[in-house]
*Asks:* 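So that we are looking at the same thing, I have put the structure below in structure tokens.
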Amino acid sequence: MASKKKSPVSSLAIVGLALLMFIAAVGIGVSMLKGPGEGDEASESESMSESESEDVSAFAPSESEESSQSESSSSESSSSSSSSSSSSSSSSSSSSSESKPEEPKIVDNGDSGFGNIPNFKKLNSDVKGWLKVPGTNINYPVLHRSQDHYYLDHDINKQQSRNAVVYADPAVTFGTRSQIAPNTVLYGHNWTNYSANPAIGRASDVMFAQLTGYHHLDFAKSHPYIYYSTESEEMVWQVFATFYTDINFAYNYAYPPSTAEFQNIINGAKARSRHNFDVPVSTNDRILTLSTCTRAYGQSDKQRFVVMAKLMPKGAALNPVKVTTNPNPVLPKL
């Protein structure tokens, strides 16, 4: 009996079917090896970045020199980029040499903090004075560079910093009470206590965030004196105005252009003050101006909270000061 031959067409069909089954099996295996949600990683990262950016954009630099901050940041970025190109051996030696020095402890040596200046100056030669505001945690060295607002976004170790330091306006001068600027202007950040009803004495508030306690009448009554000293002399200052202002009021001239302009600064501060202080002030006085950011009048970054004080005579008695509410202060125009 003759044997029956297989058709060539059916052989090809069987081979094709086997190939299809093999390809399908390989595809299933690959999909099982792939981790769940791999494609979502980039979108999650983008979403986080947008959220962080929104949080940061709610704040502005404490002073009007935003351009100064961006130039600083740009310079930092460029220097960082250049250092990253160095070899791994030089990197490791550089990182050990750039280790952050230990900050001296603040010594409570009386009311003013004056005795702390020498130790902090060893850490950074830009330390030029000391500021202490009773009733707050403002008890800091004052730094200064005459060329720019470098310390708007750098700490005492010259590292980039959001909180930065308390620093003096570039035009401010130092020395004895007869050598200092007519208007010693000091800046400090306030990232946390800038509402229309600021907290008093909250420990998490740093730099000038507790300065806004002077918004409240009772606080102003109980803390009428501030201590700001240079390396040359320990000094006491008597508060005469605490106010909100827009940046169109030129309160922060270290050297007002004229006697009339200096008088305008004093008059403008008193007219804007939330409280009336029974403290006479004239253009013959040296004044101290502490300036920080606020959002008490909305989200505009063109508003400031300012405390002004006049220099007390050496050895003068620190008597109580009569402080009352100003019923009609001049308000910021935003």
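Keep in mind that what you see is a predicted model, and the values were worked out from it rather than measured.
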*Asks:* Quick one: does Asn197's side chain get under 4.5 Å of His216's, heavy atoms only?
*Replies:* yes

*Asks:* Any donor and acceptor pair, going by atom type alone, linking the side chain of Asn124 with main-chain N or O of Lys121 inside 3.5 Å?
*Replies:* no

*Asks:* Contact between Arg162 and His189 at the side-chain level, heavy atoms closer than 4.5 Å - yes or no?
*Replies:* no

*Asks:* Determine whether Tyr214 and His223 make a side-chain contact, defined as any pair of heavy atoms from C-beta on separated by less than 4.5 Å.
*Replies:* yes

*Asks:* Check whether any side-chain N or O of Glu233 sits under 3.5 Å from a backbone N or O of Thr230 as a donor-acceptor pair, and report yes or no.
*Replies:* no

*Asks:* When you group the ILVMFWY residues by side-chain heavy-atom contacts below 4.5 Å and let the links chain together, are Val330 and Leu334 in the same group?
*Replies:* no

*Asks:* With heavy-atom distances below 4.5 Å as the criterion, would you say the side chains of Tyr244 and Arg274 are in contact?
*Replies:* yes

*Asks:* I need the minimum non-hydrogen distance between Phe208 and Gly188, along with the two atoms involved.
*Replies:* CD2-N, 3.3 Å

*Asks:* Please find the pair of heavy atoms, one from Asn137 and one from Val206, that lie closest to each other, and give the distance.
*Replies:* ND2-CA, 4.5 Å

*Asks:* Are Tyr228 and Ser112 linked by a side-chain donor-acceptor pair shorter than 3.5 Å?
*Replies:* no

*Asks:* Quick one, Asn190 with Met207, criterion side-chain contact (heavy atoms from CB on, under 4.5 Å). Give me CA distance, side-chain angles, the key distance, then yes/no.
*Replies:* CA-CA 7 Å; Asn190 173 16; Met207 296 305 151; over 6 Å; no

*Asks:* Working to the nearest 0.5 Å, report the span between NZ of Lys128 and OG1 of Thr184.
*Replies:* 14.0 Å

*Asks:* Does the ring centre of Phe174 sit less than 6.0 Å away from the ring centre of His144?
*Replies:* yes

*Asks:* Identify the heavy atoms of Val127 and Pro141 that sit nearest to each other, and give their distance.
*Replies:* CG1-CB, 4.0 Å

*Asks:* State, to 0.1 Å, how close Pro327 and Asn276 come at their nearest heavy-atom pair, and which atoms those are.
*Replies:* CD-ND2, 4.2 Å

*Asks:* Check step by step if side-chain contact (heavy atoms from CB on, under 4.5 Å) holds for Asp285 and Leu311.
*Replies:* CA-CA 7 Å; Asp285 287 307; Leu311 180 60; over 6 Å; no

*Asks:* Drop me the distance from Asp153's CG to Ser161's OG, to the nearest 0.5 angstrom.
*Replies:* 8.5 Å

*Asks:* Kindly indicate whether the side chain of Arg286, heavy atoms from C-beta on, has any atom under 4.5 Å from the side chain of Trp237.
*Replies:* yes

*Asks:* Applying side-chain contact (heavy atoms from CB on, under 4.5 Å) to Ile156 and Leu143, what does each step give before you reach the verdict?
*Replies:* CA-CA 8 Å; Ile156 195 168; Leu143 285 89; 4.0 Å; yes

*Asks:* Looking at Tyr187 versus Tyr167, is the centre-to-centre ring distance below 6.0 Å?
*Replies:* yes

*Asks:* Check whether any side-chain heavy atom of Leu331 sits under 4.5 Å from a side-chain heavy atom of Thr245, and report yes or no.
*Replies:* no

*Asks:* Going by heavy atoms in the side chains, are Thr289 and Tyr251 under 4.5 Å from each other?
*Replies:* yes

*Asks:* Between Thr292, Thr192, Asn193, which is the residue that forms a side chain to side chain donor-acceptor pair (under 3.5 Å) with Thr212?
*Replies:* Asn193

*Asks:* Is a side-chain donor or acceptor of Ser273 paired with a backbone partner of Ala269 at a separation under 3.5 angstrom?
*Replies:* no

*Asks:* Verify, without hydrogens or angle tests, whether Asp246 (side chain) and Lys333 (backbone) share a donor-acceptor contact under 3.5 angstrom.
*Replies:* yes

*Asks:* A side-chain contact here means heavy atoms from C-beta on lying under 4.5 Å apart; do Phe219 and Thr242 qualify?
*Replies:* no

*Asks:* Distance only, no hydrogens: is a donor on one side chain within 3.5 Å (strictly under) of an acceptor on the other, for Asp126 and Tyr151?
*Replies:* yes

*Asks:* In terms of hydrophobic clusters joined by side-chain contacts under 4.5 Å, are Val321 and Met308 together?
*Replies:* yes

*Asks:* For Gln238 and Tyr225, what are the C-alpha separation, side-chain angles and deciding distance, and is it a side-chain hydrogen bond (donor to acceptor under 3.5 Å, both in side chains)?
*Replies:* CA-CA 5 Å; Gln238 189 175 44; Tyr225 295 98; 3.1 Å; yes

*Asks:* Going from CG on Asn264 to OG on Ser258, what distance comes out if it is rounded to the nearest 0.5 angstrom?
*Replies:* 7.5 Å

*Asks:* Taking the six-membered ring for Trp, are Phe120 and Trp130 ring centroids under 6.0 Å apart?
*Replies:* yes

*Asks:* Could you tell me the separation between the CG atom of Asn139 and the CD atom of Gln210, rounded to the nearest 0.5 Å?
*Replies:* 11.0 Å

*Asks:* Working note: Thr324 + Lys221, criterion side-chain contact (heavy atoms from CB on, under 4.5 Å); need CA distance, chi angles, decisive distance, verdict.
*Replies:* CA-CA 8 Å; Thr324 56; Lys221 283 180 177 178; over 6 Å; no

*Asks:* Determine whether Leu186 and Tyr255 fall in the same hydrophobic cluster, where Ile, Leu, Val, Met, Phe, Trp and Tyr are linked whenever their side-chain heavy atoms lie under 4.5 Å apart.
*Replies:* no

*Asks:* What is the minimum heavy-atom distance between Ala181 and Ala254, and which atoms define it?
*Replies:* CB-O, 3.8 Å

*Asks:* Does Arg272 qualify as a cation-pi partner of Phe249, given the criterion of NZ or CZ under 6.0 Å from the six-membered ring centre and within 45 degrees of its axis?
*Replies:* yes

*Asks:* Is it true that Arg145 and Asp148 have a side-chain N and a carboxylate O under 4.0 angstrom from each other?
*Replies:* yes

*Asks:* What are the two closest non-hydrogen atoms of Thr283 and Phe262, and how far apart are they?
*Replies:* O-CE2, 3.5 Å

*Asks:* So how far is it from Asp111 CG to Ile226 CD1, rounded to the nearest 0.5 Å?
*Replies:* 13.0 Å

*Asks:* What distance separates Arg304 CZ from Cys293 SG, expressed to the nearest 0.5 Å?
*Replies:* 4.0 Å

